Amino acid sequence: VQLQASGGGLVQAGGSLRLSCLASARTGTFSRYSLGWFRQAPGKEREFVTAIGRSTRSTYYADSVKGRFTVSRDNDKKTVYLQMNSLKPEDTAVYYCAAVGTIMTFTPTTEHDYVHWGRGTLVTVSS
């Protein structure tokens, strides 16, 4: 499956952005994927941000974004979203979406568990 992330841009601290990631999965198969968002800041390693499992009740967040970011998915549109509120300069990074086929009860939160990756979209938060 191919992933295309979009929605990045320049925003002031305290502002909001909504990222989208569209998958090229065949109709009916997208729902079988767990989806994650990761980010890589300049000079740093890529880190986990959030993940959503096959069940929308299975969501996980990094402590640094908990309470500010919300992940969601629309299986009909084959899209995963990342709503980012109260953005901080330290949220500046390239954001990547990722996908992997999983069983219903498992939602990966580590980079090496994901198979399919998008190219990333740049989010810049100015102070």
Side-chain angles (χ1 to χ4, degrees):
V1 61
Q2 293 184 326
L3 303 171
Q4 179 64 53
S6 62
L10 174 64
V11 63
Q12 289 188 330
S16 299
L17 278 177
R18 187 196 196 200
L19 305 184
S20 300
C21 180
L22 175 64
S24 65
R26 290 179 296 175
T27 300
T29 63
F30 181 75
S31 62
R32 301 175 191 172
Y33 289 92
S34 288
L35 305 158
W37 286 96
F38 294 78
R39 67 186 181 185
Q40 187 168 20
K44 295 187 177 181
E45 294 186 351
R46 191 154 57 183
E47 64 177 4
F48 169 76
V49 176
T50 182
I52 184 167
R54 291 178 58 179
S55 167
T56 57
R57 292 171 293 182
S58 297
T59 57
Y60 301 88
Y61 295 92
D63 288 343
S64 58
V65 307
K66 209 170 287 185
R68 299 187 298 122
F69 289 11
T70 303
V71 64
S72 61
R73 65 188 294 166
D74 186 329
N75 290 338
D76 291 334
K77 295 183 178 179
K78 304 176 191 177
T79 301
V80 59
Y81 302 99
L82 179 61
Q83 178 66 43
M84 305 185 294
N85 298 328
S86 302
L87 283 161
K88 305 175 181 180
E90 51 263 44
D91 294 318
T92 295
V94 176
Y95 284 72
Y96 299 89
C97 57
V100 62
T102 63
I103 59 176
M104 185 66 76
T105 56
F106 175 58
T107 303
T109 59
T110 56
E111 184 176 349
H112 71 264
D113 284 327
Y114 284 87
V115 174
H116 309 285
W117 290 84
R119 280 194 170 185
T121 184
L122 176 63
V123 172
T124 304
V125 184
S126 62
S127 57

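Computed from a predicted structure; not experimentally measured.
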Compare every heavy atom of A13 with every heavy atom of S127, then report the nearest pair and how far apart it is.
CA-CB, 4.3 Å

Relative to each other, are the rings of F69 and Y95 parallel, tilted or perpendicular (30° and 60° limits)?
tilted

Here the gap from T92 atom OG1 to L87 atom CG, rounded to the nearest 0.5 Å, amounts to 8.5 Å

Can you get from V115 to F106 by hopping between Ile, Leu, Val, Met, Phe, Trp and Tyr side chains that sit under 4.5 Å apart?
no

Steps toward side-chain contact (heavy atoms from CB on, under 4.5 Å) verdict (Q83, L19)
CA-CA 6 Å; Q83 178 66 43; L19 305 184; over 6 Å; no

Could you go step by step and tell me if W37 and C21 meet the side-chain contact (heavy atoms from CB on, under 4.5 Å) rule?
CA-CA 9 Å; W37 286 96; C21 180; 3.7 Å; yes

Heavy atoms only: give me the nearest V1-A25 pair and the separation to one decimal.
CG2-N, 3.3 Å

With no hydrogens and no angle check, just 3.5 Å: does a side-chain donor-acceptor pair link N85 and S16?
yes

Backbone N or O of G67 within a donor-acceptor pair of the Y61 side chain at under 3.5 Å?
no

Please work out which of the three classes, parallel, tilted or perpendicular, describes the rings of Y33 and F30, given edges at 30° and 60°.
tilted

Can you tell me how far OH of Y96 sits from CD of E111, rounded to the nearest 0.5 angstrom?
9.5 Å

Answer yes when D63 and K66 have at least one side-chain N-carboxylate O distance shorter than 4.0 Å, and no when they do not.
yes

Enter the distance from Q12:CD to S126:OG here, rounded to the nearest 0.5 Å.
5.0 Å

Nearest-0.5 Å distance, CG of residue L35 to SG of residue C97
8.0 Å

Any side-chain heavy-atom pair from W117 and Q2 closer than 4.5 angstrom?
no

Pair V80-V71, side-chain contact (heavy atoms from CB on, under 4.5 Å): steps then yes or no
CA-CA 7 Å; V80 59; V71 64; 3.9 Å; yes

Answer with yes or no whether the hydrophobic clustering places L17 together with L10; edges join I, L, V, M, F, W, Y residues whose side-chain heavy atoms lie under 4.5 Å apart.
no

Mark yes when over 12 heavy atoms from residues, nucleotides or ligands other than Q4 sit less than 6.0 Å from its CD; otherwise mark no.
no

With hydrophobic residues grouped by side-chain heavy-atom distances under 4.5 Å, do M84 and L122 end up in a single group?
no

When you look at CZ of R46, are more than 12 heavy atoms from neighbouring residues, nucleotides or ligands closer to it than 6.0 Å?
yes

Less than 4.5 Å apart, side chain to side chain, heavy atoms only: is that true for V94 and T121?
no

Answer whether the closest heavy-atom distance between the side chains of Y114 and P108 falls below 4.5 Å.
yes

Would you mind writing out the side-chain donor-acceptor pairs for residues 47-57 within the sub-3.5 Å range, not counting sequence neighbours?
| unit_1 | atom_1 | unit_2 | atom_2 | d |
| --- | --- | --- | --- | --- |
| E47 | OE2 | R39 | NE | 2.7 |
| E47 | OE2 | R39 | NH2 | 3.2 |
| T50 | OG1 | Y60 | O | 2.7 |
| R54 | NE | S31 | O | 3.4 |
| R54 | NH1 | T102 | O | 2.9 |
| S55 | OG | R57 | N | 3.2 |
| S55 | OG | R57 | NE | 3.4 |

For Y81, does the six-membered ring have the charged nitrogen or CZ of R18 within the cation-pi criterion, i.e. under 6.0 angstrom from the centroid and within 45° of the normal?
yes

Any non-hydrogen side-chain atom of D113 less than 4.5 Å from a side-chain atom of V100?
no

Has the side chain of N75 got a donor or acceptor atom that lies under 3.5 Å from a matching backbone atom of K78?
no

State plainly whether one hydrophobic cluster holds both V123 and L82, where clusters connect Ile, Leu, Val, Met, Phe, Trp and Tyr through side-chain heavy atoms under 4.5 angstrom apart.
yes

